[in-house]
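Contents: one structure, followed by commentary.
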Amino acid sequence: MIRNIQTIIPGIATSDGAGVKLRRSLGGQNQVRLDPFLMLDEFSSNDPNDYVAGFPAHPHRGFETVTYMLEGHMLHEDHLGNQGHLKTGGVQWMTAGRGIIHSEMPQQVSGAMRGFQLWINLPAKEKMKPAGYKDIQVEDIPKITLANGGSVKIIAGAYSHEDNAVQGPIQGITTAPLFLDIQLPPNTEFEQRIPKELNAFVYACEGELELGGPMMPAPKQAAIVLGDGDLLKARAGSVGAQFIVLAALPLHEPIVQYGPFVMNTRAEIEQAIDDYQNNRFVVS
Ligand code: FE2
């Protein structure tokens with residue numbers, strides 16, 4: 001069964017960090033989410049004034065942050081001593097768990113900076129696990145060339161076609177995330193199996209894209225939530241298309257969010273604030 005477009009959540013212009021301009025779709029207005037996805041920000045600018053201020057030191061608890069750099073260079077540093085350069089085509093997969101304090105600062109003062117930051121929730125039983133951090137360079141992300149001349153980059157989960165499955169570098173996560181970046185030449189089609197248990201959405205970056213059966217236009221700069229089914233069908237228009245596909249198992253757990261802390265109860269949020277204010281993110 002082909003998944004059709006169910007809801008379109010437009011990316012709304014906003015700013016975060018020390019004044020980085022971005023578009024927030026999931027997690028934006030009315031905090032609309034798609035379990036287990038909490039938030040999706042797209043940053044895309046050629047104007048350094050939109051990004052140079054970066055994201056100085058700030059905490060997270062209770063979920064994972066995934067940064068995918070389409071273009072540009074940022075430096076991640078955290079209180080555990082991790083340091084990582086996020087460069088064009090690279091991914092940073094950070095499990096905040098019980099707590100991490102990090103900064104993400106641009107390492108460029110001109111040129112384009114484009115990419116995404118995605119927040120994926122952790123199940124209640126994993127929210128207080130130790131923080132973890134993975135830096136995935138562009139050469140460690142498999143890129144498949146399609147018969148139609150298009151390409152698929154596999155960041156998490158697997159690209160599956162007929163009897164073939166190509167795994168990405170991120171595996172073993174409870175929510176079983178799928179994260180693909182797909183490029184299609186003009187007037188070509190793409191299919192990907194997405195098991196019916198997963199919640200799924202598409203974000204169109206460039207060109208013209210249609211989704212579903214029958215095909216419907218998929219606007220750019222929006223989280224396009226897909227309905228029930230087990231197959232994604234996409235078609236590029238006359239100028240081709242680039243889009244990302246995200247899917248994961250929903251948690252069906254209560255969410256209480258206070259800024260960068262996402263827990264299950266208000267008491268756990270109060271504990272997170274107290275722990276942060278009393279330096280307990282750093283010392284344990
Ligand atoms: Fe952060």
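A quick note: this is a predicted structure, and the numbers were derived from the prediction, not measured. No hydrogens, no waters, no symmetry mates; every other heavy atom, side chains included, goes into these values.
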- Is the centre of the His60 ring less than 6.0 Å from the centre of the His102 ring? yes

Please check if [X] and [Y] belong to a single hydrophobic cluster, counting links between Ile, Leu, Val, Met, Phe, Trp and Tyr side chain heavy atoms closer than 4.5 Å.
X	Y	value
Leu70	Ile244	yes
Tyr203	Ile120	yes
Ile136	Val138	no
Val66	Met105	no
Val225	Ile2	no

Got more than 12 heavy atoms from elsewhere within 6.0 Å of [atom1], [X]?
X	atom1	answer
Asn30	CG	no
Gln6	CD	yes
Lys129	NZ	yes

Using a 4.5 Å cut-off on heavy atoms from C-beta on, say whether the side chain of [Y] contacts that of [X].
X	Y	answer
Leu184	Phe243	yes
Gln108	Pro48	no
Glu191	Leu231	yes
Lys233	Glu189	yes
Leu232	Val202	yes
Met113	Pro106	yes
Arg61	Asp275	yes
Leu38	Gln31	no

Point-to-point distance, once rounded to the nearest 0.5 Å, from [atom1] of [X] to [atom2] of [Y]:
X	Y	atom1	atom2	result
Leu22	Leu40	CG	CG	10.0 Å
Thr145	Gln183	OG1	CD	11.0 Å
Leu122	Asn264	CG	CG	10.0 Å
Asp78	Ile101	CG	CD1	9.5 Å
Ile155	Asp140	CD1	CG	12.5 Å
His85	Gln107	NE2	CD	6.0 Å

- Less than 4.0 Å between a side-chain N and a carboxylate O, is that true for Lys21 and Asp47? no

- Using 4.0 Å as the upper bound for N to carboxylate O, is an ion pair formed by Lys143 and Asp181? no

Looking only at non-hydrogen atoms, find the nearest pair between [X] and [Y] and report the distance.
X	Y	result
Ile141	Gly89	CD1-O, 3.3 Å
Lys196	Arg3	CA-NH2, 3.6 Å
Ile154	Gln167	CG2-C, 3.9 Å
Leu34	Ala200	CD2-O, 3.7 Å
Ile224	Pro219	CD1-O, 3.4 Å
Gly212	Asn4	CA-OD1, 3.3 Å

- Item | side chain to side chain contact (heavy atoms under 4.5 Å, CB included) between Leu146 and Val152, worked out | CA-CA 7 Å; Leu146 301 169; Val152 183; 3.8 Å; yes

Side chains of [X] and [Y], donor plus acceptor under 3.5 Å:
X	Y	answer
Glu77	Gln83	yes
Tyr68	Gln92	no
Glu126	Thr174	yes
Gln117	Glu104	yes

- Evaluate the criterion side chain to side chain contact (heavy atoms under 4.5 Å, CB included) for residue pair Met39 and Leu118; output intermediate values, then yes/no. CA-CA 6 Å; Met39 192 190 83; Leu118 175 72; over 6 Å; no

- Message: side chain to side chain contact (heavy atoms under 4.5 Å, CB included) for Arg33 and Ile255? Distances and angles first, verdict last.
- Response: CA-CA 10 Å; Arg33 304 177 177 109; Ile255 292 172; 3.7 Å; yes

- Task: Apply the ring-ring contact (aromatic ring centres under 6.0 Å, His included) test between His76 and each candidate in Tyr133, Phe55, Trp93; give the one that qualifies.
- Result: Tyr133

- State which residue, out of Phe116, Phe201, Trp119, Phe63, fulfils the ring-ring contact (aromatic ring centres under 6.0 Å, His included) condition with Phe37. Phe201

- Sole candidate of Val245, Asn199, Asp230 that passes side chain to side chain contact (heavy atoms under 4.5 Å, CB included) when paired with Ile194: Val245

Can any side-chain N or O of [X] pair as donor or acceptor with the backbone N or O of [Y] at less than 3.5 Å?
X	Y	answer
Gln171	Gly157	yes
Lys153	Phe179	no
Gln137	Gly90	no
Asn278	Arg280	no
Arg23	Ile12	no
Thr88	Gly72	yes
Gln257	Gly259	yes
Glu253	Ala124	yes

- Message: Could you go through Ser238 and Asn187, starting from their C-alpha distance and side-chain angles, then the distance that decides it, and tell me whether this counts as side chain to side chain contact (heavy atoms under 4.5 Å, CB included)?
- Response: CA-CA 5 Å; Ser238 58; Asn187 307 310; 4.3 Å; yes

